[in-house]
Amino acid sequence: MKSFHEKVAAITGAGSGIGRQLAYQLVTAGAEVALSDVDEVGLAQTAARCRELGARRVSESRVDVADRNAVYAWADRVVHDHERVNLIFNNAGVALGSTLEGVSYEDFEWIMSINFWGVVYGTKAFLPHLRAAGEGHVINISSIFGIIAVAGNGTYNATKFAVRGFTEALRQELEISGAPVSATSVHPGGIKTNIAKAARFDQSVADLVGDVDASRARFERMFITEAETAAKVILGAVRRNARRVLVGPDARVIDALQRLLPSAYQRLTISMAKRQARIKKPG
Ligand SMILES: NC(=O)c1ccc[n+]([C@@H]2O[C@H](COP(=O)([O-])OP(=O)(O)OC[C@H]3O[C@@H](n4cnc5c(N)ncnc54)[C@H](O)[C@@H]3O)[C@@H](O)[C@H]2O)c1
């Protein structure tokens with residue numbers, strides 16, 4: 001898709017961070033936007049700014065991406081309100097700090113239901129509409145943690161590796177069938193958003209790498225790229241129909257490290273975690 005002018009773009013998790021910036025830039029590029037989030041306050045703020053930016057048409061819906069029926073109903077509503085839909089950005093996501101041994105099934109299912117099943121529902125609910133529009137693109141937000149795994153992030157890793165596999169297979173199926181729809185897997189490094197503040201952390205992380213607050217703060221210090229820049233990179237990747245896009249210099253370095261040391265990179269992440277644990281734990 002070379003241009004977003006007069007296209008209709010649906011975005012999940014549009015009330016904050018990367019989703020919000022995608023909305024602003026799509027509006028500026030002449031697209032209509034269909035916004036959704038569970039956070040109605042953030043959603044209303046994004047929608048209001050889109051209107052100030054001169055959006056052709058904006059619709060907003062409270063949609064929990066973990067609710068399959070709600071996602072399908074929203075897809076139908078978007079087509080009803082905007083007459084068509086060309087792009088779905090499956091962007092809504094959450095983070096969870098825990099060990100795999102210590103994590104509760106409740107928390108594990110919570111993150112899977114949003115980060116993985118939310119992407120699946122968004123893709124499958126919108127695909128028939130994207131095909132019907134004659135030109136479409138599915139953009140699924142994975143992470144650099146969908147390329148390497150890191151202790152304390154195992155559930156997040158599981159969701160984001162799954163999104164990558166799902167999206168890469170989808171892209172191949174769309175090409176084989178000659179569909180007028182494409183797909184891109186997005187792998188951001190640390191982006192300055194609300195994700196760490198909204199994350200769940202459980203006590204099992206403290207046993208691994210020191211206390212939970214320090215762990216959250218450390219997580220946030222790794223965020224070096226502005227959400228605005230991330231959105232720009234993602235939209236550039238859609239324009240050139242990239243299969244995969246890395247977002248931020250940290251993502252590019254980590255991806256190179258994984259290629260160089262496909263499994264031995266784990267020795268580095270282990271020694272970093274041990275060093276942090278020594279710093280954080282007295283004695
Ligand atoms: N920020 C980073 O460093 C980073 C790095 C790699 C990948 N990502 C991914 O980018 C995506 C966007 O995250 P962000 O960094 O902008 O975070 P963010 O917290 O600023 O925004 C995420 C949005 O998703 C919404 N959301 C959460 N649960 C939802 C649900 N069940 N249904 C609908 N909406 C829901 C939140 O309300 C929020 O508005 C996520 O998939 C995240 O995993 C972020």
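As the structure lists them, so they are numbered: ligands from 1, and atoms in each ligand from 1.
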Check your understanding: Should we say atom CD of E175 is surrounded by more than 12 heavy atoms from elsewhere, each under 6.0 Å from it?
Key -> yes
**Study point:** Side-chain heavy-atom pair S98, F201 within 4.5 angstrom cut-off
**Key:** no
Point to revise | side chain to side chain donor-acceptor pair (under 3.5 Å) involving R49 - partner list, sequence neighbours excluded | key: E52
**Study point:** Pairs touching residues 64-78 that satisfy salt bridge (Lys or Arg N to Asp or Glu O under 4.0 Å), sequence neighbours left out
**Key:** none
Distances only, to 0.1 Å: what are the N or O pairs between ligand 1 and the protein that fall under 3.5 Å?
| from | atom 1 | to | atom 2 | distance (Å) |
| --- | --- | --- | --- | --- |
| ligand 1 | 1 (N) | I191 | O | 3.1 |
| ligand 1 | 1 (N) | T193 | OG1 | 3.1 |
| ligand 1 | 3 (O) | G189 | O | 3.4 |
| ligand 1 | 3 (O) | I191 | N | 2.7 |
| ligand 1 | 3 (O) | I191 | O | 3.4 |
| ligand 1 | 15 (O) | T193 | OG1 | 2.6 |
| ligand 1 | 16 (O) | I18 | N | 2.9 |
| ligand 1 | 17 (O) | T193 | OG1 | 3.4 |
| ligand 1 | 19 (O) | I195 | N | 3.4 |
| ligand 1 | 20 (O) | S16 | OG | 2.6 |
| ligand 1 | 20 (O) | N194 | N | 3.2 |
| ligand 1 | 31 (N) | D64 | OD1 | 2.8 |
| ligand 1 | 32 (N) | V65 | N | 3.0 |
| ligand 1 | 37 (O) | D37 | OD1 | 2.7 |
| ligand 1 | 39 (O) | D37 | OD1 | 3.4 |
| ligand 1 | 39 (O) | D37 | OD2 | 2.6 |
| ligand 1 | 41 (O) | N91 | O | 2.8 |
| ligand 1 | 41 (O) | K160 | NZ | 3.0 |
| ligand 1 | 43 (O) | Y156 | OH | 2.7 |
| ligand 1 | 43 (O) | K160 | NZ | 3.0 |

Check your understanding: Please, which pairs that meet salt bridge (Lys or Arg N to Asp or Glu O under 4.0 Å) have at least one residue in residues 103-118, sequence neighbours excluded?
Key -> D107-R200
Exercise for review: Inspect the contact between E135 and R84 and indicate whether a charged nitrogen and a carboxylate oxygen are less than 4.0 angstrom apart.
Suggested key: no
